[in-house]
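Comments concern the structure below.
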Number of protein chains: 2
Amino acid sequence: MDNSRCENCIVRQFNSLRAMNKEELKKVSDSKIRKSVKKGEPLFEEGEKLNGVYCVRAGVSKLSKLSPNGKDQIVKLATKGEVMGQRSVIAEEHSNLSAVAVSDMDVCFIPKESITTTLQKNPNFTLEVLRHMAHELKEADDVIVNMSQKTVKQRIAEAFLYLKNNFGEDNDGFLALTLSREDIANVVGTATESAIRIISEFKKKGLIHTSGKKVGIKDERKLRDLAEGF
Amino acid sequence: MDNSRCENCIVRQFNSLRAMNKEELKKVSDSKIRKSVKKGEPLFEEGEKLNGVYCVRAGVSKLSKLSPNGKDQIVKLATKGEVMGQRSVIAEEHSNLSAVAVSDMDVCFIPKESITTTLQKNPNFTLEVLRHMAHELKEADDVIVNMSQKTVKQRIAEAFLYLKNNFGEDNDGFLALTLSREDIANVVGTATESAIRIISEFKKKGLIHTSGKKVGIKDERKLRDLAEGF
DNA sequence: GTAATACTATGACAATTATCAGCTTTAAAG
DNA sequence: CTTTAAAGCTGATAATTGTCATAGTATTAC
């Protein structure tokens with residue numbers, strides 16, 4: 001199976017590229033550049049002008065924004081099938097987020113021309129992208145509500161559930177995506193020490209188990225109740 | 001001037017409807033329903049299935065979402081020229097937000113068919129809506145960062161600056177849009193009492209002046225410094 | 001005009017969260 | 001292998017924010 005051709009790439013099933021026609025996909029495939037990105041390496045930086053988008057084939061990237069107080073807020077985690085940088089390319093603005101790999105990644109860089117010309121010529125594609133962005137906007141609204149109305153404890157509980165639902169567990173029952181305590185803190189918007197303290201507390205209460213950086217969910221029900229405020 | 005026809009409506013200049021062609025606009029205009037909404041009245045509720053969008057001709061609406069703890073988080077304020085409910089109609093989902101007028105409003109209800117058929121037939125329109133949504137998504141990201149990284153004091157300072165920039169001031173130097181203290185608290189995601197206390201503090205420090213519910217900005221520079229964290 | 005009701009305001013206190021310091025463990029570099 | 005740096009952890013303390021109680025002040029409805 002030749003999965004270096006977009007036409008055959010399974011990842012495409014998950015994103016808006018599936019609405020492209022054969023010809024358009026061929027163009028994308030011919031112009032794309034495959035890249036490996038090691039854990040910790042940046043894909044692009046906040047304020048950078050993006051000349052294309054990144055289609056994630058494997059691995060996970062954090063999308064974050066530096067706040068005036070010097071802390072990094074993680075706004076989103078992008079994984080297999082997701083396209084990063086779409087927003088900036090569409091709005092013709094510089095990126096408002098930085099992307100850094102949180103695990104080894106395999107991505108395809110797609111020059112923006114392939115995207116913008118298809119946007120102008122293929123209404124199905126445009127509509128598909130639009131639907132996707134509408135969905136992302138809803139998710140962003142939910143994050144706003146969570147961030148402003150829930151306690152740090154609730155947000156951390158929720159973050160673990162999110163990680164389980166979106167990235168699954170490994171064979172030993174640990175969350176498949178391992179984030180540093182600092183990254184967890186940056187996801188929920190708190191100080192690293194506070195995050196660590198709450199993680200210890202969860203462990204004591206038997207909600208989770210840990211091994212090094214790895215975290216596993218032990219009592220999903222209780223964790224969920226906690227996240228919802230009971 | 002006949003401004004009961006969308007073709008002649010100035011408001012259209014500000015939103016994606018400007019990308020519609022004559023014929024499409026005619027259809028919209030023929031099917032739209034003009035409504036007056038009194039301050040405090042709802043336009044639609046969270047979870048409701050929307051059969052169309054609302055184009056704001058005058059007045060302001062808050063778009064909010066109930067959090068599990070029973071508090072209402074205001075996610076956005078929509079004003080003249082903005083189209084509400086677009087997201088839900090496009091994603092074919094129930095509304096994730098409630099809309100309530102915070103001042104007397106004059107709106108046009110546009111049945112979703114006019115929107116969805118145009119989305120399928122006019123790529124320019126779709127692209128225009130897409131660009132707009134991309135911009136909204138960026139703004140949502142900024143809100144997430146502010147909510148999670150800034151203190152309540154900073155967020156309130158920022159809210160006043162936002163209100164000045166987006167809705168202006170009246171002849172007496174007060175913010176043109178007057179929100180209740182509770183609404184202000186719900187915008188920044190804090191308890192009403194905390195908001196009141198901080199507003200009193202700002203007044204004492206000479207950053208703002210108040211008269212009843214009305215608030216005026218006295219020292220914009222200091223307010224801005226505070227919001228940025230100095 | 002007055003009673004009822006909602007909104008604004010403030011104090012006292014409790015809970016949550018951040019900050020700073022120091023220490024231990026783990027991972028990386030030479 | 002060992003030295004160095006980074007990440008994880010914990011305690012003490014301060015700052016921020018929420019909650020409850022209470023009272024004054026507007027607004028609204030009758």
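Protein chains get the first letters and strands the later ones, always in sequence-line order, with residue 1 at the start of each.
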(request) Heavy atoms under 4.0 Å is the rule here; annotate nucleotides 17-30 of chain D 5' to 3' with B where the base is hit, S where only the sugar-phosphate is, and - elsewhere. (result) SBBB----------
Is the backbone of [Y] close enough, under 3.5 Å, to the side chain of [X] for a donor and an acceptor to pair up by distance?
X	Y	answer
S211(A)	K214(A)	no
R57(A)	C108(A)	no
E82(A)	N15(A)	no

(request) May I ask you to check whether S64(B) and D72(B) show a side-chain donor-acceptor distance below 3.5 Å? (result)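 Side-chain D/A pair, S64(B) to D72(B): present.
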(request) Using only heavy-atom distances, determine whether the side chains of E182(B) and T192(B) contain a donor-acceptor pair under 3.5 Å. (result)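 Judged by distance alone, the side chains do not pair up.
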Cationic N near anionic O, under 4.0 Å, [X] to [Y]:
X	Y	answer
E93(A)	R87(A)	yes
E228(B)	R224(B)	no
K65(B)	D141(A)	no

(message) Over the length of the helix from dG1(C)-dC30(D) to dG30(C)-dC1(D), how much do the five-pair end axes diverge, rounded to 10 degrees?
(response)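 Taking five pairs per end, the axes differ by 50°.
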(request) Report yes if a side-chain nitrogen or oxygen of T192(A) is closer than 4.0 Å to either non-bridging phosphate oxygen (OP1 or OP2) of dG8(D); otherwise report no. (result)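 No, no such contact exists.
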(request) Calculate the interatomic distance between I199(A) atom CD1 and dT10(D) atom P; express it in whole Å. (result)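 Going from CD1 in I199(A) over to P in dT10(D) covers 11 Å.
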(request) Check the distance between dA7(D)'s P and K214(A)'s NZ and give it to me in whole angstrom. (result)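 Distance check: K214(A) NZ to dA7(D) P gives 18 Å.
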(message) Give me the atom names and distance for the closest heavy-atom approach of V60(A) to S103(A).
(response)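 Result for this residue pair: N-OG, 3.0 Å.
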(request) May I ask you to check whether over 12 heavy atoms, not counting those of K138(B), lie within 6.0 Å of atom NZ? (result)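 More than 12 within 6.0 Å, yes.
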(message) Distance under 4.0 Å to a non-hydrogen atom of chain B counts as contact; along DNA chain C, which nucleotides mark the start and end?
(response)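 Listed 5' to 3', the contact boundaries are dC7(C) to dA12(C).
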